[in-house]
Amino acid sequence: MRHIISLLMENESGALSRVSGLFSARGYNIESLTVAPTEDATLSRMTIVTSGSDEIIEQIIKQLNKLIDVVKVLDLNDGRFIERELMIVKVKANAQYRDEMKRMCDIFRGRIIDVSDNSFTIEITGSSSKLDAYIESIDKAAILETVRTGASGIGRGERILKV
Amino acid sequence: MSSNYISGAEIVIRCLHEEKVKFVFGYPGGAVLNIYDAVFQQNKFKHILVRHEQAAVHAADGYSRSTGKVGVALVTSGPGATNAVTGIATAYMDSIPLVIISGQVPTFAIGQDAFQECDTVGITRPCVKHNFLVKDIKDIASTMKKAFYVASSGRPGPVLVDIPKDITAEKCDFSYPKSIHLRSYNPIIKGHSGQIKKALSLLLNAKRPMVYSGGGVVLGNASAQLTKFVRAIGYPVTSTLMGLGGFPASDKQFLGMLGMHGTYEANMAMQECDVLLAVGARFDDRVIGNPEHFLSKPKTIIHIDIDPSSISKRVKIDIPIVGDVISVLIELNDLLSKEKTKQNASRKDWFKDINQWRSMNCLNFKNDKKLIKPQFVIQSLYKVTKGDAFITSDVGQHQMWAAQYYPFNKPRRWINSGGLGTMGVGLPYAMGAQLAFPDEKIACVTGEASIQMCIQELSTCKQFHLPIKIINLNNRYMGMVRQWQEFFYENRYAESYMDALPDFVKLAESYGHIGMKIEKPSDVEPALKEAFSQKLKERLVFMDFITDQKENVFPMIPNGKGLSEMITAEEL
Ligand SMILES: Cc1ncc(C[n+]2csc(CCOP(=O)(O)OP(=O)(O)O)c2C)c(N)n1
């Protein structure tokens, strides 16, 4: 099953490679990994999207906790959470596609952030599966370029990951 | 009094003094010249100059395994650090607390492919408990404090501190932190009392109970508590290769080592038990073989371990107890002492089964009048040293025979590379142990292939007067490789014959030691007696035993098979 794991770690050089190294060394799946400093500059927050059986996810959490730089680990799938990912897509917007692309962008609540004679650059946020759905829905031939941030996640309501 | 405004190099040395380090095993080079200059000007610890950095780490590791203290190694940047990697990985796999200090090129040269630059922190990351690159002289003291703390607490392991050369030349005020707190690192010490109570009640109600003890018992200094518990509850106990000595091997409750080359009785009891207490052990592939086969006989498993990630890694655990083994065993002992009835009559059948398995006498071997049997050498070694030596070993058949035929009654007397299985550790391990215990008997059981992997250390032994006794079981083969080729590759002995061997007697002599070649079974014991005699007490003796070439280690569980699928000597 797909899991989203959030973790707080010391904002030290090399901390990211300890996590990515752990995943490759132990053969764990990694769908995406994002990291950035938090409001507390000494801490970074990372979101890892992975998948595996319950046993593997349990091991992943334990192995992450074992890293000396890791302060806290939370498996968001243990409770209710919100997931968001940002995608920027450049699509063809010539006469053939222009209306269609505008319409699909609206349906997926995207925003056109750059326009040229022949292209739109569109920003869309949502769960990773929503972004997948958008890609599925438009004509493949119209896609010029895509870039995705990987998922970030946060617990709902009182579920808070903080030191 | 020494001033506190000192160089980075002096700070490193002062930190080692604060940690009461007695020995530093190392090898100099450009990036650590400042540190070596500070080593030269102190006399609180002794620097042991090895002949290869791999041996520096192994020797520090052997020192740690024999004493329980943190071992310290010092190497230069680039090749010094890469040579150390095998030693570090070996210690990591067996959870040995070490602090390795490596020199690094100056901070301004990092990333420029400078002379003798390598990404030491990157290269060692997967085989250390933690590592640090110190970028500011002000951080040296606190980093060293953290290194010692992290290495020795929780599940121990090697920690590397990489220090650029420019930092060791700068100066700043030195003060060593008294204590250190890491918000991200809080090892769990005390086990959960509810779980401990549950565990005891399961054990007391078991029909076929079994105790399985591992290296964690030795590392956690818990062998007295384990012994007390096992004796009080009266259950059979087995040990992993790493746990030998954690429970006295000559006790009748001890079923011998388990695993790939474990005894028939230990492996069968492990397979057939209904309640299993695992203490500081990790169910690895060389121990339980195939996990599905292991669980095909249903059992309730209780697992005590300091490392949560060891629990339910290969085998699903019913009652996990995360904590320091010694503190959990103390609690178990307290609870047990309050119990009234301990023996359960229905357990009679279980002990009958065990005695039946035992009567197979699986370690029996046919001695020979002409050929020296390796098992016989180990038995004679046991006899001559009265079972009280520190035995280090290399990796191969000789290692298994030492484990099988030298019963260890005390912890930290059996020193070998279990997890990584590194050939070449035997001699440097013996060096570390002999330095720690100058008056004790230290024997290194090795093979003609393994010993050549760190043979250069005979020179170190000469320089530091280390009277190690080397027991070379010379079968002219990489015996363990040959055994697998015999069993699983139809006797195609690909590259496992040891050709062009040196004359070990002359080799030992050329390093200034004593060499002996022993070719007849009747000479085995007299030769050992001589080597361990008062006369040769101060001398390293290299004993080259010319043994039966084709002897195999039994019992054996073929790779990937289950515990009860052993091949015994009888069957072949
Ligand atoms: C550094 C290293 N390389 C290779 C191996 C694989 N290996 C395991 S046992 C063995 C043979 C050891 O031969 P020897 O030291 O003569 O001991 P014997 O098995 O004959 O007792 C080898 C090559 C290893 N364990 N370590």
Side-chain angles (χ1 to χ4, degrees), chain A residues 1 3 5-28 30 33 35 37-46 48 50 52-75 78 160-163, chain B residues 89 92-93 95 107 110-111 119-136 139 143 146-147 149-151 153-162 180-188 282 291 295 303 305-317 320 322:
Chain A
M1 199 186 121
H3 280 248
I5 296 168
S6 286
L7 58 93
L8 290 173
M9 60 195 308
E10 298 291 353
N11 191 3
E12 304 262 354
S13 71
L16 172 61
S17 56
R18 289 184 206 279
V19 174
S20 59
L22 169 71
F23 274 74
S24 62
R26 294 193 182 261
Y28 301 142
I30 193 158
L33 186 159
V35 61
T38 64
E39 76 284 3
D40 171 352
T42 66
L43 284 174
S44 294
R45 178 156 172 160
M46 187 180 282
I48 304 165
T50 182
S53 63
D54 290 353
E55 291 76 34
I56 289 181
I57 299 295
E58 186 184 329
Q59 264 300 312
I60 291 176
I61 304 276
K62 285 175 173 177
Q63 294 291 348
L64 285 169
N65 269 312
K66 206 167 139 176
L67 294 175
I68 307 292
D69 284 338
V70 170
V71 185
K72 260 191 183 160
V73 183
L74 179 69
D75 181 354
D78 280 348
I160 288 163
L161 177 63
K162 221 179 155 77
V163 174
Chain B
Y92 181 65
M93 285 295 274
S95 308
T107 36
I110 289 180
D119 177 8
T120 304
V121 164
I123 289 172
T124 57
R125 186 177 302 121
C127 62
V128 291
K129 183 169 174 186
H130 198 56
N131 59 18
F132 300 93
L133 170 62
V134 185
K135 290 196 186 131
D136 186 330
D139 295 335
T143 305
K146 281 183 202 164
Y149 168 59
V150 170
S153 56
R155 179 177 181 171
V159 176
L160 177 134
V161 183
D162 200 26
I180 204 107
H181 170 72
L182 295 171
R183 64 177 167 182
S184 60
Y185 174 70
N186 300 292
I188 300 163
R282 58 190 180 92
L295 293 179
H303 189 182
D305 206 291
I306 187 105
D307 178 4
S309 75
S310 276
I311 287 172
S312 294
K313 184 166 64 182
R314 295 193 77 234
V315 167
K316 182 102 191 102
I317 301 302
V322 177

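Only this structure's heavy atoms are used, side chains among them; waters, hydrogens and symmetry mates stay out. Order of the sequence lines sets the chain letters (A, B, ...), proteins ahead of strands, with each chain counted from 1.
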Which of the residues A/Gln63, A/Gln59, A/Glu58 is involved in the greatest number of heavy-atom pairs with chain B at under 4.5 angstrom? A/Gln59
Measuring from B/Ser312:OG to A/Asp54:CG, what's the distance to the nearest 0.5 Å? 12.0 Å
Kindly indicate, with the supporting measurements, whether the criterion side chain to side chain contact (heavy atoms under 4.5 Å, CB included) is fulfilled by B/Asp307 and A/Lys62. CA-CA 9 Å; B/Asp307 178 4; A/Lys62 285 175 173 177; over 6 Å; no
Roughly how far, to the nearest 0.5 Å, is CG of A/Leu64 from OG of B/Ser309? 10.5 Å
Atom CG in A/Asp69, atom CZ in B/Arg183: separation rounded to 0.5 Å? 10.0 Å
Atom group of B/Lys129 that falls short of 4.5 Å from chain A, counting heavy atoms: both
Relative to chain B, which of A/Arg18, A/Met9, A/Glu10 shows the most heavy atom pairs under 4.5 Å? A/Arg18
Report the distance from atom CD1 of A/Ile68 to atom CZ of B/Phe132, rounding to the nearest 0.5 Å. 8.0 Å
In terms of heavy-atom pairs under 4.5 Å, which option from A/Ala25, A/Gly21, A/Ser17 contacts chain B the most? A/Ser17
Is chain B contacted by the side chain of A/Thr42, its backbone, both, or neither, given a heavy-atom distance below 4.5 Å? both
Which atoms of A/Glu12 approach chain B - backbone, side chain, both or neither, heavy atom under 4.5 Å: neither
Contact part of B/Arg125 toward chain A, heavy-atom cut-off under 4.5 Å: side chain, backbone, both or neither? side chain
Checking heavy atoms, do the side chain of B/Ile311, its backbone, both or neither come under 4.5 Å from chain A? both
